[in-house]
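This structure is a prediction, so every number in the text was calculated from the model and none was measured.
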Amino acid sequence: MGAASCSQALVLMGDFNHPNVSWRDNTAGHNQSRRFLEGLDDNFLLQVIEEPTRRGAMLDLVLTNKEGLVGNVKLKGSLGCSDHEMVEFKILREARRAHSKLTTLDFRRADFGLFRDLLGRLQWDKALEGRGSQESCHTTQVSESKVRDSKNEPPTVGEDQVWDRLMNLKVHKSMGPDELHPQVLRELADEVARPLAIIFEKSWQSGEVPTDWKRGNITPIFEKGNTENKEVIGDSQHSFTRGKSCLTNLVVFYDGITALVDKERVTDVIYLDLCKAFDTVPHNILVSKLERRGFDGWTTRWIRNWLDGHTQRVVVNGSMSKWRSVMSGVPQGLVLGPALFNIFVSNMDNGIECTLGKFADDTKLCGVVDMLERRDAIQRDLDWLERWAYVNRMKFNKAECKVLHMSRHNPKHDYRLGRE
């Protein structure tokens with residue numbers, strides 16, 4: 001399936017015999033069917049049959065890697081003695097031509113002067129007064145938050161803050177689901193900074209999150225984020241943090257190891273990998289960690305509501321998958337997602353005796369092992385990390401966890417992760 005999905009245009013059809021799959025919400029009751037669904041998602045394949053093909057079950061499927069390539073799908077009744085419905089569909093050749101090239105916007109021909117003139121005529125404070133479909137039901141919640149945490153004044157969003165963010169947008173980044181290009185927002189920063197500041201402030205104070213903000217596009221390119229508070233993130237994390245990168249992660253860790261080896265210290269390095277870490281972060285545990293880290297009630301409530309009902313889709317070369325609900329994990333394709341993941345794994349360092357280095361979900365543990373008590377220290381750290389994963393409902397991919405023994409006189413001690 002993986003090799004076939006690499007084709008420019010692909011159609012797979014047949015009786016796949018997965019009767020317990022619910023195609024409406026993309027779930028399955030049996031492990032084999034769940035693995036089948038995961039295989040479709042991993043290879044960006046779409047299923048286009050919408051009606052049962054045998055005795056109320058959808059067994060016969062048509063899969064494609066191009067949205068719009070297959071159309072006019074109809075069930076035509078059974079053929080001969082078969083109890084399966086015949087499936088008739090058309091391959092729309094023009095869909096291949098439509099997706100063969102990406103559309104490029106020519107902003108040199110845009111009349112930004114007209115946009116500025118039209119937007120400048122609006123009185124935004126008056127236009128946005130009383131707006132918000134759920135504002136009335138959040139009024140009571142805002143008052144309750146003030147009583148519970150009276151020392152915190154309602155958060156505010158300054159127009160100058162929004163303007164500064166707009167002016168620093170990277171115009172070569174792609175559009176989000178709202179299809180507003182970063183260059184348009186930067187060109188019109190003077191005109192839209194005020195209404196955006198009003199909308200952001202209302203959302204923050206009420207906890208109401210517009211549905212459009214809960215959507216995200218995912219591409220195979222990893223987004224960069226930024227979290228500057230070292231007290232929240234910790235020094236061991238090098239991903240999505242200003243001034244740090246994959247390179248600094250490797251250099252710092254390499255420098256520490258080579259210093260030990262140069263001193264002829266017997267050293268072990270253990271490489272650890274969390275299974276689907278970004279997709280399995282429990283939302284309730286994440287929010288509780290934000291509260292323990294000192295985030296105010298306004299912010300934690302907003303993030304809780306933002307995570308609730310979040311959806312995302314995959315975009316590859318202009319082709320888009322269907323929207324899927326995000327029931328766990330941090331939303332990807334957005335800057336806030338990686339920042340929240342860093343906060344979630346920040347307490348992994350607590351109680352660690354040896355040296356720990358992290359780049360997102362990739363973790364390295366290093367220690368000197370020339371004495372038994374030092375090897376025991378590494379084992380205690382591994383036991384702690386396993387307990388941390390269990391408490392936070394995460395799992396280590398033990399097949400991908402490796403040990404690197406360094407120096408000629410290394411005893412090559414066997415370590416245990418969990419019961420293995």
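- Applying the side-chain contact (heavy atoms from CB on, under 4.5 Å) criterion to Ser325, with sequence neighbours excluded, gives Thr311, Met327.
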Validation: residues 185-196 side-chain donor-acceptor distances under 3.5 Å, sequence neighbours left out:
residue, atom, partner, partner atom, Å
Arg186, NH1, Leu169, O, 3.4
Glu187, OE1, Arg116, NH2, 3.0
Asp190, OD1, Trp163, NE1, 2.6
Arg194, NE, Asp125, OD1, 3.4
Arg194, NH2, Asp125, OD2, 2.5

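- Taking CG of Leu382 as the reference point, atom CD1 of Ile270 lies at 4.0 Å (rounded to 0.5 Å).
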_salt bridge (charged side-chain N to carboxylate O under 4.0 Å, His left out) for Asp370 and Arg374? Distances and angles first, verdict last._
CA-CA 7 Å; Asp370 51 4; Arg374 288 176 174 164; 2.9 Å; yes

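- Comment: Lys214 does not engage Asp308 in a salt bridge, judged by the lack of any side-chain N to carboxylate O separation of less than 4.0 angstrom.
- Lys74 and Glu51 are not joined by a salt bridge, as no carboxylate oxygen comes within less than 4.0 angstrom of a charged side-chain nitrogen.
- At least one donor-acceptor pair closer than 3.5 Å links the side chain of Trp384 to the backbone N or O of Met348.
- Remark: the Ser407 side chain and the Asn410 side chain contain no N/O donor-acceptor pair separated by less than 3.5 Å.
- The structure places CD1 of Ile343 at 7.0 Å from CD1 of Ile303, a figure rounded to the nearest 0.5 Å.
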*Quick one: do Leu12 and Thr64 satisfy side-chain contact (heavy atoms from CB on, under 4.5 Å)? Show the steps, please.*
CA-CA 6 Å; Leu12 295 175; Thr64 178; over 6 Å; no

*Go through the steps to decide whether Leu46 and Leu63 satisfy the test side-chain contact (heavy atoms from CB on, under 4.5 Å), and finish with yes or no.*
CA-CA 5 Å; Leu46 305 174; Leu63 309 174; over 6 Å; no

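- A donor-acceptor pair is defined here as one N or O able to donate and one able to accept, closer than 3.5 Å; no such pair exists between the side chain of Thr280 and the backbone of Met394.
- The nearest pair of heavy atoms linking Gly29 to Arg34 is O-NH1, 3.2 Å.
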*Begin from the C-alpha positions of Leu37 and Trp23 and carry the test side-chain contact (heavy atoms from CB on, under 4.5 Å) through to its verdict.*
CA-CA 9 Å; Leu37 290 178; Trp23 292 101; 3.7 Å; yes

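- Taking each heavy atom of Cys366 and Cys354 in turn, the nearest pair found is O-CB, 3.1 Å.
- Residues Trp302 and Ser203 approach most closely at NE1-OG, 2.6 Å, considering heavy atoms.
- Judged by distance alone, the side chain of Thr300 and the main-chain N or O of Asp296 form a donor-acceptor pair under 3.5 Å.
- Across Phe344 and Asn347, no two heavy atoms sit closer than the pair O-OD1, 3.4 Å.
- Side-chain contact of Ser346 with Arg293: a donor-acceptor pair under 3.5 Å is present, judged by distance alone.
- Note: His18 NE2 to Leu61 CG = 8.0 Å, rounded to the nearest 0.5 Å.
- When atom types are taken as modelled, the side chain of Thr267 and the backbone of Arg265 share a donor-acceptor pair closer than 3.5 angstrom.
- Residue pairs satisfying the ring-ring contact (aromatic ring centres under 6.0 Å, His included) criterion with at least one member in residues 167-201, sequence neighbours excluded, are listed as follows: Phe107-His181, Phe200-Trp213.
- Taking every heavy atom of both residues into account, Arg375 and Val369 meet most closely at NH1-O, 3.0 Å.
- Between Asp117 and Arg121, at least one side-chain nitrogen of the basic residue sits less than 4.0 Å from a carboxylate oxygen of the acidic one, meeting the salt-bridge criterion.
- Gln379 contributes a side-chain N or O that, together with a main-chain N or O of Arg416, makes up a donor-acceptor pair within less than 3.5 Å.
- Panel note: side chain Asn305, backbone Gly207; a donor-acceptor pair is recorded below 3.5 Å.
- Applying the salt bridge (charged side-chain N to carboxylate O under 4.0 Å, His left out) test to Arg215 and every residue at least two apart in sequence or in another chain returns nothing.
- A donor-acceptor distance shorter than 3.5 angstrom exists from the side chain of Gln47 to the backbone of Ile49, with no hydrogens or angles considered.
- Proximity of a side-chain donor or acceptor of Lys202 to a complementary backbone N or O of Leu128 within less than 3.5 Å is detected.
- Pairing each heavy atom of Ser33 with each of Asn20, the nearest pair is OG-OD1, 3.0 Å.
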*Verdict with supporting geometry, Tyr271 and Val403, side-chain contact (heavy atoms from CB on, under 4.5 Å)*: CA-CA 6 Å; Tyr271 295 86; Val403 181; over 6 Å; no

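- Annotation: ring pair (Phe, Tyr, Trp, His ring centres under 6.0 Å) contacts of His405 (sequence neighbours excluded): none.
- Using a distance-only test at 3.5 Å, with no hydrogens or angles considered, a donor-acceptor pair links the side chain of Thr53 to the main chain of Asp60.
- In this structure, Leu356 CG and Asp381 CG are separated by 8.0 Å, a value rounded to the nearest 0.5 Å.
- For the pair Val345 and Lys358, the minimum side-chain heavy-atom distance is below 4.5 Å.
- With values rounded to the nearest 0.5 angstrom, Lys395 atom NZ is found 10.0 Å from Glu386 atom CD.
- A salt bridge (Lys or Arg N to Asp or Glu O under 4.0 Å) check over residues 275-289, counting only residues at least two apart or in different chains, returns the pairs Glu38-Lys276.
- In the model, Asn65 has no side-chain atom that pairs as donor or acceptor with a side-chain atom of Asn43 under 3.5 Å.
- Between the side chains of Asp268 and Tyr415, at least one donor N or O sits under 3.5 Å from an acceptor N or O.
- Atom CD1 of Ile285 is separated from atom CZ of Arg393 by 4.5 Å, given to the nearest 0.5 angstrom.
- Looking at Arg301, its side chain does come within 3.5 Å of a backbone N or O of Gln205 through a donor-acceptor pair.
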